[in-house]
Amino acid sequence: MSTTVVTKEGPAAVTAAPTVGSHVRSYWSRVRGGDIGALPAVLGLVVLCTVFSIMRPSFLTAGNFANLFTQGAAVTLIAMGLVFVLLLGEIDLSAGFASGVCAAILANVATVLGYPWYVAVLAALATGVLIGTVLGFLVAKIGIPSFVVTLAGFLAFQGVVLVLIDQGSNIAIRDSVLLAIANRNLPPALGWALAGVTVAGYAAVQLNRYRTRSARGLVADPMAVVLARIGALALILGVAVYILNLERSRNVLVTSLKGVPIVVPIIAVLLIAWTFVLQRTSYGRHVYAVGGNREAARRAGINVDRIRISVFMICSAMAAVGGIVAASRGNSVDPNTGGSNVLLYAVGAAVIGGTSLFGGKGRVLDAVLGGAVVAVIDNGMGLMEYSSGTKYVVTGVVLLLAASVDALSRRRAAATGNR
Amino acid sequence: MSATPLLELRGIDKSFGPVQVLRDVALSAHAGEVTALVGDNGAGKSTLVKCISGIYTTDAGEFLFEGRPVTINSPRDAAGLGIEVVYQDLALCDNLDIVQNMFLGREKRSGLVLDEPTMEQMAAETLAGLSVRTVKSLRQHVSSLSGGQRQTVAIAKAVLWNSRLVILDEPTAALGVAQTAQVLELVRRLADNGLAVVLISHNMNDVFAVSDRIAALYLGQMVAQVKTTDITHAQVVELITAGRSGNLGLTPDPAPADGTGAQPAEAQNPGADR
């Protein structure tokens, strides 16, 4: 399973027609060479789930499984945006409170001003894009280090949230559509249908690539590997949808609670869309190029400043999406929305998933895998009734651990000539 | 090779403020030939290359491309004429693979989506056309390549775009013996494929190994441009260090006092004897 997840974009490293064996060997040699990708996140997820399941049987219930998604959604969405900024070797420390500002705008437009939900959502997203544009402009055009710009943003946005929601009160979200985002589920049949469409779409893309590459005489991944990937995705989605479609309500007579939480397809669609942008468009290629060697990108005629501004726009827009989900989940927006641990959890999620803090390496999928690790830690330790103090310490240690793995694997890669 | 040179420069002047870096420089590069551009540090080699590639504009002088006068005001103009420069620091992205680097900034697309199969095929054809067999896979990250292989990728990148003139800035400076031989072989093959090549080098062995002509710069003046077969090692070294050798180079200063003065008199017009 881990092989499938990690080598999604894995190039075959030999010119001779690769076999399953050579494919596995080339993957293993890349791991040994320091290119470990999301392997720590996948292994960590397995270990954490096993430990928590043994310590607290309630961890391994359908209800808790569904909770993991809604709890981790906001952080995961913010982390997906952060991946773009991290790919350039920059950082956005203001993403947490940027999501808070966007959530406050959402609540003001929807509840205080009484506009329909889509106007509120658009206003929140526009706020995110605006924030990102300003941050990106200050970094790319004025030349202030992103660390300083976004640290200033961190403080300023905290104040903006307070101003927007009137000194410490909170604004309730009453719109049923906005509330549904993080609190309602898809009908079970729709869940199955979406899973089926996703697997079919993935299979079509993979098989089509195999066909065109073979027809053009280029090296294609072996058919067995292609089929294994499709099978693994079908298996993961199938099991997840099955569990989420189980009845989670304590008392079925009062209310029925089953189906895939609505945030899951939202995350899935954004994951697919951003992965497409990064892997299949020239914009994405240029983001990697600027992250890898800015001077080379400039000489290749890439508008480096525009790329740098755009990643901050994407990051803050994704923070807005995260803020909307957080507002929906909390049923209200208060001065702490997007505050406390949200930012560090999001950075942690991206880094744990395998995105490098040094730029040039990372995928949107990393944010989702890392977000899952963070959500499992938070959820599992909550079930074991640790205080939030302990949770902060543990999450901080995990973040440091992930950053160490990043730094060490980078050194290893340099030593083996892999970077 | 009496045919019109692919690129001919005449009377190029370039100053930075009060400092005149190039004075009345002439240079010609012929298709199918390697022209070695030699000169000591500060002789103006890099400035000349930057003028040709459009990074600097010249103060005076004319460019003839295939005999037609052209103006080169930006790197885009140079690229439009088919002039590509491979700089010393190569400008490759370590985190991208060979194909991605070769097409960086000029990706082939079908609609919105990158057309990877076409790019990979074109890259493979280009490398095959240069008889490069040292890379295992085109999907290798550049970080895993040796210095010589990187140089190969950088040169292949320059050749990919139907370029006519390739300028190589010290391509062997950082390479070992075997890799230097590989790259020189590649340089020779570029010329044999009909491109004009300008090779900047400090290494006399390299220069004599591959070049057809040698152009020597001395304190911003082109002191000689001669066929490699008509000149010896020692003469080239003299040209580089003293600006003249026997009847080549600057005419001896009539003033007896200071022969190799830092400011050769304006009235003399040594030019390049072609």
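Here is the naming used below: chain letters follow the sequence lines, and residue numbers restart at 1 for every chain.
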Minimum heavy-atom separation for C93(B) and A296(A), please, with both atom names.
SG-CB, 4.1 Å

Of the listed R294(A), R285(A), R213(A), the one with the largest count of heavy-atom pairs under 4.5 Å with chain B is R285(A)

Looking at E107(B), R109(B), K157(B), which one has more heavy-atom pairs under 4.5 Å with chain A than the rest?
E107(B)

Where do Q279(A) and L114(B) come nearest, in terms of heavy atoms and distance?
O-CD1, 4.1 Å

Q100(B) meets the side-chain hydrogen bond (donor to acceptor under 3.5 Å, both in side chains) criterion, sequence neighbours left out, with none

Applying side-chain hydrogen bond (donor to acceptor under 3.5 Å, both in side chains) to T118(B) and not counting sequence neighbours gives R216(A), D115(B)

ring-ring contact (aromatic ring centres under 6.0 Å, His included) against Y288(A), all qualifying residues, sequence neighbours excluded
none

Contact origin within F276(A) toward chain B - heavy atom pairs under 4.5 Å
side chain

Give the C-alpha distance, both sets of side-chain angles, the deciding distance and a yes or no for side-chain contact (heavy atoms from CB on, under 4.5 Å) between E120(B) and L218(A).
CA-CA 8 Å; E120(B) 195 167 329; L218(A) 298 169; 4.0 Å; yes

Residue R106(B) excluded, over 12 heavy atoms near CZ under 6.0 Å
yes

Test item: N95(B) and K361(A) side chains (from C-beta on) under 4.5 Å apart, heavy atoms:
no

Please determine whether side-chain contact (heavy atoms from CB on, under 4.5 Å) holds for the pair N293(A) and D94(B), giving the CA-CA distance in whole Å, both sets of side-chain angles, and the decisive distance to 0.1 Å.
CA-CA 7 Å; N293(A) 185 341; D94(B) 275 356; over 6 Å; no

Residues A289(A) and L104(B): closest non-hydrogen pair is CB-CD1, 3.5 Å

Only heavy atoms, only distances under 4.5 angstrom. Which residues in residues 180-190 of chain B are near chain A?
none

Quick one, E116(B) with R209(A), criterion side-chain contact (heavy atoms from CB on, under 4.5 Å). Give me CA distance, side-chain angles, the key distance, then yes/no.
CA-CA 10 Å; E116(B) 297 284 357; R209(A) 176 151 53 160; over 6 Å; no

